[in-house]
Number of protein chains: 2
Amino acid sequence: MKKPAGVELAGIIRKAGFRATKPRLLVLAFLHGIEYPASIKEIITGIGREKVDQVTVYRILEAFKAVGLVAQVDFQHGRAYYELKDAAHDHHHIVCTGCDRVEDFTGCDYDKLADKALSQTSGFAKVTNHSLELFGLCNTCVKTA
Amino acid sequence: MKKPAGVELAGIIRKAGFRATKPRLLVLAFLHGIEYPASIKEIITGIGREKVDQVTVYRILEAFKAVGLVAQVDFQHGRAYYELKDAAHDHHHIVCTGCDRVEDFTGCDYDKLADKALSQTSGFAKVTNHSLELFGLCNTCVKTA
DNA sequence: ATACCACTTGCAACTGACTTGCAAGTACTT
DNA sequence: AAGTACTTGCAAGTCAGTTGCAAGTGGTAT
Ligand SMILES: [Mn+2]
Ligand SMILES: [Mn+2]
Ligand SMILES: [Zn+2]
Ligand SMILES: [Zn+2]
């Protein structure tokens, strides 16, 4: 996913059905610049001196999530993390429980998994979403464990 | 997993390295009786008139989790859910986003997934845990959607 | 059976993520 | 340029989960 210019960001936001406001542009630009999911605090800090209220950031992320622009993940740190969502390239995260280091991986085989779940259950009609994360130890932490 | 008698429960708790106290017996007995993961509130309520402080329940579940007796899952409802963990029979949950109905499914292929992640990443040495849940619509909610 | 003590519990106060209500501000339409 | 529906920011609130500590108790040693 290449980094779009400011003009394009506005287009993305409008296409999603929102007004291209400064806070939304700042949040979206920040998300384009990160390698791994960021927390609300990291987003607010990362936006720089253009202060955007945390309530606004929460609302923006909620809205972006609702239209599929953003994915929310749970690293079991007691808060949510967010990154841009690329539906065409499903990926997940492995998190070090020692130092919180994160890396991506692919290959969860979502479609097959969804089929499996639907055929095993009797009460479900469709799968709309999934969450998957692996927890482990990084090369550094595995030594000190 | 069949339901053990009170005596056996005490043995399970002691084998895990804890004293077989009344609150721990009550929590463990309750967890043996549920079909799907329960929240802290549900556990406290479910325990019945033997009131156990919620702090105690939190601490018990944390301890049981640490020794692998209990699994914690995230249904994205803003709180944690707990159930007994059976390491030999890995299973996951599909949750209806309309009505919170839950069912189990198996077949996440954990070992293969862990291998995949380790070979794709450069900084990780081992996978120790995983979380996976599917979200979807149940037969009832899919009609009203 | 009793005494002991490390482990547990319960209460109260606290933390921190996230939400809500509402008045003031602003992006887009006309 | 004006109008209006959509957004934002502030303050206050909610609620899951945590912390400190004094009182209670299970398991063990006498
Ligand atoms: Mn990622
Ligand atoms: Mn289950
Ligand atoms: Zn690490
Ligand atoms: Zn449903």
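In what follows, chains are A, B, ... by sequence order, proteins preceding strands, each numbered from 1. Please read these numbers as outputs of a predicted model, since none were measured by experiment. In what follows, every heavy atom counts, from backbone to side chain, and hydrogens, waters and symmetry copies are set aside.
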Name the nucleic acid region contacted by B:Lys41, choosing base, sugar-phosphate or nothing; use a 4.0 angstrom heavy-atom cut-off, strictly under. sugar-phosphate
Where the side chain of A:Pro23 is defined as all heavy atoms beyond and including C-beta, which of D:dT8, D:dT19, D:dG26 is the nearest nucleotide? D:dT8
Taking A:Glu83 first and then A:Lys85, would you say they form a salt bridge - that is, a charged N and a carboxylate O separated by under 4.0 Å? no
I want to check one thing: is the phosphate of C:dT9, taken as OP1 and OP2, less than 4.0 Å away from some side-chain N or O of B:Thr21? yes
Give the rounded distance in Å between these two atoms: CD of B:Glu62 and P of D:dT19. 10 Å
In this structure, how many angstroms lie between the C1' atom of D:dT8 and the CG atom of A:Leu25, rounded? 14 Å
Out of C:dT8, D:dT7, D:dT18, which nucleotide sits closest to the side chain of A:Arg19? D:dT7
Taking the side chain of A:Ile60 as its heavy atoms from C-beta onward, which of D:dT8, C:dT19, C:dT8 lies nearest to it? D:dT8
Test item: side-chain donor near acceptor, A:Glu8 and A:His32, under 3.5 Å: no
From CD1 of B:Ile13 across to P of C:dC7 the rounded distance in Å is 17 Å
Nucleotide of D:dT18, C:dA27, D:dT19 approaching B:Arg59 most closely (side-chain heavy atoms): D:dT19
Before accepting this row, confirm whether a basic side-chain N of the pair B:Glu62/B:Arg59 lies closer than 4.0 Å to the acidic partner's carboxylate O. no
Please report the distance, rounded to the nearest Å, between OH in B:Tyr81 and C1' in D:dA16. 12 Å
Considering only heavy side-chain atoms of B:Ile40, the closest of C:dC18, C:dA27, D:dG17 is D:dG17
Per atom distances to the A:Thr56 side chain, the nearest of D:dG9, C:dC11, C:dT9 is D:dG9
Can you identify which nucleotide, out of C:dG10, C:dA17, D:dT8, has its nearest atom closest to the A:Arg79 side chain? C:dA17
Interatomic distance where OH belongs to B:Tyr58 and P belongs to C:dC11 [whole Å]: 16 Å
What is the distance, to the nearest angstrom, from the CD atom on A:Glu50 to the C1' atom on D:dT8? 15 Å
Distance in angstrom units between A:Ile47 CD1 and D:dG9 C1', rounded: 14 Å
A:His130 and A:His92 aromatic centres sub-6.0 Å: yes
Is there a chain of hydrophobic side chains (I, L, V, M, F, W, Y, each step under 4.5 Å between heavy atoms) that links B:Leu134 to B:Leu137? no
On DNA chain D, does the nearest nucleotide to B:Arg14 precede the nearest nucleotide to A:Asp53 from the 5' side, or the other way round? Give the residue. A:Asp53
